[in-house]
Every structure is written in C-alpha cells, then in structure tokens.
Novice: 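Provided herewith is a single structure, encoded as structure tokens, for subsequent inquiry.
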Number of protein chains: 2
Amino acid sequence: MSETESIDMAGLDRELGFALRLAQLAVFKDLMACLKPLSLRPAEYSLLVIVHANPGLKQLTLGAVLSVQGPNLVTMVDQLEAREVIVRSPVPNDRRAHALHLTAKGRSLLRQAKTAHAKHQARLNRCLGKADAPDLIAILNRIAAAEAWIGER
Amino acid sequence: MSETESIDMAGLDRELGFALRLAQLAVFKDLMACLKPLSLRPAEYSLLVIVHANPGLKQLTLGAVLSVQGPNLVTMVDQLEAREVIVRSPVPNDRRAHALHLTAKGRSLLRQAKTAHAKHQARLNRCLGKADAPDLIAILNRIAAAEAWIGER
DNA sequence: TATTGTTATACTCTATAACTATA
DNA sequence: TATAGTTATAGAGTATAACAATA
C-alpha cells in the first residue's frame, strides 16, 4: 500500500514555496471543515469579521484588506446579502459607494462562526506545540509585505 | 490615494490561515515571475525536479509526492511531453504504468530553471534576514503533516 | 477484484476588460 | 477626468465519476 519506496525529494521539501503550499492546504482544509456546518467559506468568514469590526466599510476598502479584487468581491457580497447576513446601505456624501453592515442575523452567524473558529485555532495551537505562533505569523507577514520589491527584476 | 484610514483588522492579521494565504501569494508571485521566461509554472518546476531526482518514477507516485491528483497530473505530463522535456516510457514488468524520464532538452531546461530559482531563493533569504529559514520550514512541514488528524471532529 | 492511467466534466478561485452612475 | 461598483467572461487550479487496459 505505502508507495513511498524512498523518494528523493531533491531539496524540494526545503523550499519555502512548497512548504507554504502544503501548510496552507492543511490549515484551510481544517478551517473549511469547521465552517462548513455554517455554510461559510474562509473568505466569507474573514469578510464578516472585518465588516463587523468596521461597520459602514466601503467595498473597495474591504477588497484591499482581504486582497480580493472588485468583481470577485461583488459576488461574495451578493451571496451574503442574499442570505441576509450583510446589507449594502447608502453612503451620505457619495451615492456611488455602498456602506457594508452586518444584520442581526449576520452578527448571530458571526458569533457561531467565531466559536467554530476557536476549535480550529485550538487544534492549530496544539499542533504548533512550543513553537512560537506570534513569531511564525510575524515572519509570514513580513514575507507577504515584501511583495512590493519581490517579483520585479 | 491611500484608502487605509486605519482599518480594524480584528485580529485577522494574527490568524495563521490568513497569514499563510498572503505569504504564499507573495512567494508564488515571485517564483512565477522567475520561471515565466522559461514558460514554466511552479508545479511544473517541482515536477521536473522530482522526475530528475527519481528517473523512471511512475505517475501515481509522482502525484502523491506533489499532492496532485491523477487527472490533473495527466494534463501536466501531457503538456510537458508535448514540449519534449519529459517522456513516458514503458515499465518492464507492468504494462499499465508509465516510467517518467527527462529528455536531454528537459535536463537543459531544468538547469536553466534552477538558475532562475536561485535568484528567487536569494531574494527570499534577503527578506527573511536573520530569521531561521530551516526552522520556519520545519514548522510549516509539521503543520502540513498534521493534516491527518486535522479536519476531523 | 484491484490498480494505472485516462477521459470527461464541473466547481472554485482568480484575473481582465468594458460598462454605469456618480463625483 | 477619475472613482465605486458592476457585468461578463476567461483562465487557472482542483475535484469526482466512469472508463480501458492490465495486474
């Protein structure tokens, strides 16, 4: 059954991109399983968290925060609005923009989602063990922030 | 221009899944840019590295190593074979399986790709600075390996 | 019966261009 | 002229079911 038969990974298992992909796959798999009973995907959970903490947020700002592009965000907002967990309301001085808010139903859903997410977080912490999670996240954020100069030249 | 206007991230920037996604986005963006002149994507680069280090590898084993499923691997192998950088050759005692090998052209392409990849690696190391890269990768691999128990219950 | 590889297909995520209505 | 949001669309990446050839 085990088809392992000692493969030479040729250093691939020591490359950051490869390790990042597999780790993200595992973490998202767990997070998705946690949120599935609430019919929420990870991106939708992030959206609810940010809108709840920043009521009246405009879509463009939200998209920048989540690294989701305009057209793709429209779809997400459409679906969540159809479920009546968020609403698009008018912005006083700019009739082009939409202010995003959670509904009472949305706040309730977010509360449940945070409970589900806590279980995911606990499993992750158990897996990390004594490894310093804040340190790990700081390094990952630094890598992500370097996007500016990375990729050119 | 800066639409930042102090957003409350509500702890989202301290979550591993969120950090992983952004870091992977940045790293892959850079790697893709490095490999683009050779018309190679990250997954194809990984494939060449593994096949070169394990000549005669069967597709099923390769798929397990790369975490790519059968039907998707067929497409990748088809395209690389059409470019004449790899070949499917018969396996002595099993006429169902195909043994994968790099062609001379493939080995040449891989050599160029490794040079391009070294530049990516150098940028990454510069970005990581004094942070311990092997340590980081060890933690990521541990998270990925936990996939077995993560996600259930 | 089980396994290797393949075909066909579908679903999600992401990306781009062009449009509207406002500013 | 520029901006916020939208529409339509296309391309990756990934997933499953069913099949042929072989074991």
Side-chain angles (χ1 to χ4, degrees), chain A residues 1-3 5 17-18 20-22 24-26 28-29 31-33 35-36 39-47 56-82 86-100 151, chain B residues 1-3 5 17 20-22 24-26 28-29 31-33 35-36 39-47 56-64 66-82 86-100 147:
Chain A
M1 167 96 4
S2 70
E3 193 57 82
E5 51 171 288
F18 193 76
L20 275 172
R21 172 172 171 261
L22 295 185
Q24 207 225 9
L25 226 64
F28 265 60
K29 182 177 172 182
L31 181 55
M32 284 172 62
L35 295 175
K36 189 161 193 178
S39 298
L40 278 179
R41 282 162 296 184
E44 293 171 326
Y45 172 69
S46 306
L47 190 153
L57 198 67
K58 285 184 292 177
Q59 282 188 208
L60 215 74
T61 314
L62 177 61
V65 170
L66 297 179
S67 297
V68 173
Q69 261 155 326
N72 303 322
L73 193 58
V74 168
T75 311
M76 287 178 62
V77 172
D78 280 351
Q79 289 171 348
L80 291 172
E81 195 171 38
I86 66 175
V87 285
R88 286 185 246 232
S89 47
V91 171
N93 292 323
D94 189 342
R95 288 196 300 172
R96 295 170 303 178
H98 295 148
L100 300 175
Chain B
M1 165 89 15
S2 71
E3 194 57 84
E5 51 171 289
L20 275 173
R21 172 173 171 259
L22 295 185
Q24 208 225 10
L25 226 64
F28 264 60
K29 182 178 172 183
L31 182 54
M32 283 171 63
L35 295 174
K36 189 160 194 179
S39 298
L40 278 179
R41 282 164 295 185
E44 293 171 327
Y45 172 67
S46 306
L47 189 153
L57 198 68
K58 284 185 293 178
Q59 281 188 208
L60 215 74
T61 314
L62 178 61
L66 297 179
S67 297
V68 172
Q69 262 154 328
N72 304 322
L73 193 59
V74 168
T75 310
M76 287 178 63
V77 172
D78 279 351
Q79 289 170 349
L80 291 172
E81 195 172 37
I86 65 175
V87 285
R88 285 184 248 232
S89 47
V91 170
N93 292 323
D94 189 342
R95 286 197 302 171
R96 295 171 303 179
H98 295 148
L100 300 174
E147 196 197 0

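Chain identifiers are assigned alphabetically (A, B, ...) following the order of the sequence lines, protein sequences preceding nucleic acid strands; residue numbering begins at 1 within each chain.
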Novice: Figure out the CE/C1' separation between A:Met76 and D:dT6, and round it to whole Å.
Specialist: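 To the nearest whole Å, that distance equals 16 Å.
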Novice: Please name the pair of heavy atoms, one in B:Ser46 and one in A:Phe18, separated by the smallest distance, quoted to 0.1 Å.
Specialist: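 Looking at all heavy atoms of both residues, the shortest contact is OG-CD1, 4.4 Å.
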Novice: Any side-chain heavy atom of B:Ser67 within less than 4.5 Å of one from A:Arg21?
Specialist: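 Counting from C-beta outward, B:Ser67 and A:Arg21 do come under 4.5 Å.
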Novice: Starting from the 5' end of DNA chain C, give me the residue, B:Val77 or A:Pro71, whose nearest nucleotide shows up first.
Specialist: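 The 5'-side residue here is B:Val77.
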Novice: Just verifying a value: how many Å separate A:Leu66 CG and A:Met76 CE, rounded to the nearest 0.5 Å?
Specialist: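 So the gap between those two atoms works out to 6.5 Å.
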Novice: Just the rounded figure in Å: distance from P of D:dA21 to NZ of B:Lys58.
Specialist: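 Checked: the NZ to P distance equals 20 Å.
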Novice: Rounded to the nearest angstrom, tell me the gap between atom CG in B:Leu62 and atom C1' in C:dT6.
Specialist: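 The answer, rounded to whole Å, is 16 Å.
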Novice: Does the pair A:Val74 and A:Gln59 meet the rule for a side chain to side chain contact (heavy atoms under 4.5 Å, CB included), with working shown?
Specialist: CA-CA 8 Å; A:Val74 168; A:Gln59 282 188 208; 4.0 Å; yes
Novice: In this structure, how many angstroms lie between the C1' atom of C:dA15 and the CZ atom of B:Phe28, rounded?
Specialist: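 It works out to 18 Å between those atoms.
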Novice: Rounding to a whole Å, what distance do you find between B:Arg88:CZ and D:dT22:C1'?
Specialist: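 The answer, rounded to whole Å, is 17 Å.
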Novice: Whether the side chain of A:Glu81 engages the backbone of A:Arg88 through a donor-acceptor N/O pair (distance < 3.5 Å, no angle test) should be reported.
Specialist: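 Looks like yes, one N/O pair under 3.5 Å.
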Novice: Please give me the minimum heavy-atom distance between A:Ala99 and A:Pro90, naming the atom from each residue.
Specialist: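 Smallest heavy-atom distance, with atoms named: CB-O, 4.4 Å.
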Novice: Can you measure A:Asp94 atom CG to C:dA23 atom P for me and round it to whole angstrom units?
Specialist: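 Nearest whole value for this atom pair: 6 Å.
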Novice: Separation of A:Asn93 atom CG from C:dT22 atom C1', in whole Å?
Specialist: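 These atoms are roughly 13 Å apart.
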Novice: Could you go through nucleotides 10-14 of chain C and list every protein N or O atom that sits under 3.5 Å from one of its N or O atoms, giving the distance for each pair?
Specialist:
from, atom 1, to, atom 2, distance (Å)
C:dC13, OP2, A:Arg41, NH1, 2.9

Novice: Side chain of B:Ala97, heavy atoms from C-beta onward: which of C:dT4, C:dT6, D:dG5 has the nearest atom to it?
Specialist: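 The listed nucleotide nearest to B:Ala97's side chain is C:dT4.
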Novice: So, taking the atom named CD1 in B:Ile86 and the one named CG in B:Leu80, what distance separates them when rounded to the nearest 0.5 Å?
Specialist: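 Reported to 0.5 Å precision, the distance equals 4.5 Å.
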Novice: Please determine, for the side chain of A:Arg96, which listed nucleotide (C:dT22, C:dA2, D:dG5) has the closest atom?
Specialist: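 The listed nucleotide nearest to A:Arg96's side chain is C:dT22.
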Novice: Would one find a side-chain N or O of A:Arg95 under 4.0 angstrom from OP1 or OP2 of C:dT20?
Specialist: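 Result: no.
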Novice: When the distance from CG of A:Leu60 to P of D:dA2 is rounded to whole Å, what number comes out?
Specialist: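 Going from CG in A:Leu60 over to P in D:dA2 covers 16 Å.
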